[in-house]
Amino acid sequence: MDHLLTLQDVPRAWIEALLDRAQAFADGVAVPPALGGVAVCTLFFEPSTRTRLSFDLAAQRLGAHVLHFDAASSSTTKGETAADTFRTIEAMGVRGFVVRHREDGAVAALAALAAPGTALVNAGDGRSAHPTQGLLDMLTIRQATGRAIADCRVAIVGDILHSRVARSDLHALRALGCRDIRACAPASLLPRDATLDGCAVTQDLDAALDGADVVMTLRLQRERMQDGLVDSLEAYHAGYGITEARLSRAAAHAVVLHPGPINRGVEISDAVADGPRSRILAQVRNGVAVRMAVLEALLG
Ligand code: CP
C-alpha cells in the first residue's frame, strides 16, 4: 500500500496485522527508528487536536523529523491551492504527509500528484473517511471486550450523515466480519446512500442499545450541518443522548466510545463520558500506537 486513504476494501489480514503491531507498540515493545532521516508533514487544512498531535508524537517516536503546516499562517491565505502547497512541501524532500481537508476526495487528489516514494495518510476528508480513527476504534474494541470484532454487537449512534468516523468504522467492522451492526439516528441524520448497507437501521435508541457490547457515539457536527436538521440540542439529547439511564438497555459489560471532541450534554452525558464504561481516553492513547504502526508500514 503506497498511501492510506480509506479502509474501504482494505483486506482483513492487513487490518489485523496493523492492529497487532499497534498493540505491540501499546504494550511497550522496543521502538525501532524506522523513520530515521524521514521528514513528515502534518498538512491540516481543518482544525484538529488529537489526530494531529498523536501523528506528531507517533512520527517522532519512530525517529522522523516532523513539520507542521499551519493553514492560518500559510500562503493558502494568499490563494495558494492545496495542490501547489503539497508540491511545494514535497519539493523540500518531505516523504510523509498526514492530510486533513474539508472536501471529500481532497486527500486522494493530492495522493494522485505524489512522486514515487511519497506516502499520504488521510487524517479526515469531508464526510468520506478517517481511516486511522477507524483503526484505533477497532483496537479499542478488541482491548475493551476481549473478543473478536466479528462477535461484538455494535451500536453506532448519532450524526452518521456527516461522520467520516462512522464511515471508516463501518468499513473496518465489515472487513473484520462484524455481523451485528446497529445504526441509530434521527431520520435527518441518516445517510440515504449505501453507507449503512447491511446494518440494522433504526431511529429508536433503546432498540439500538438493546444488548449491545459496544456503543460508538458520534459528535453532532454542527459545523457541517444545515439549520433545521435537529429541532434543538435539548431535544436531540432527550432522543439520542447517551446517558446512564439509556445505557441500562445495553449489555452489563458494554463500553462507550466517542471519537472526540465531545459536545458534553448533547450526544453524551458527563456521567457516561467520565464514567467506568467510557473508553474515550483509551481511544486517544491507542491513536498514538495505531499511527506509529501506520507510519512504519508506509514509510519504514
Ligand atoms: N477524532 C478526531 O479526529 O479528533 P480531532 O479533530 O481533535 O483530530
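All ligand and atom numbering here is 1-based and tracks the order in the structure. Residue numbers count from 1 along this sequence.
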What side-chain donor-acceptor pairs closer than 3.5 Å can you find for residues 248-256, not counting sequence neighbours?
unit_1, atom_1, unit_2, atom_2, d
S248, OG, A245, O, 2.6
H253, NE2, R147, NH2, 3.3
H253, NE2, D213, OD1, 2.7

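Salt-bridge formation is not detected for the pair D159/R219: no Lys NZ or Arg NE/NH1/NH2 atom is positioned less than 4.0 Å from an Asp or Glu carboxylate oxygen. Under a 4.0 Å N-O distance rule, the pair D204/R182 does not qualify as a salt bridge.
In this view, Q133 and D137 satisfy the side-chain hydrogen bond (donor to acceptor under 3.5 Å, both in side chains) rule, not counting sequence neighbours.
The salt bridge (Lys or Arg N to Asp or Glu O under 4.0 Å) contacts involving residues 87-109 comprise D84-R87, where partners must be two or more places apart or lie in separate chains.
Residues with a heavy atom under 4.0 Å from ligand 1: S48, T49, R50, T51, R100, H130, Q133, P259, G260.
H65 places no side-chain N or O within 3.5 Å of a backbone atom of A39 that could act as its donor or acceptor partner.
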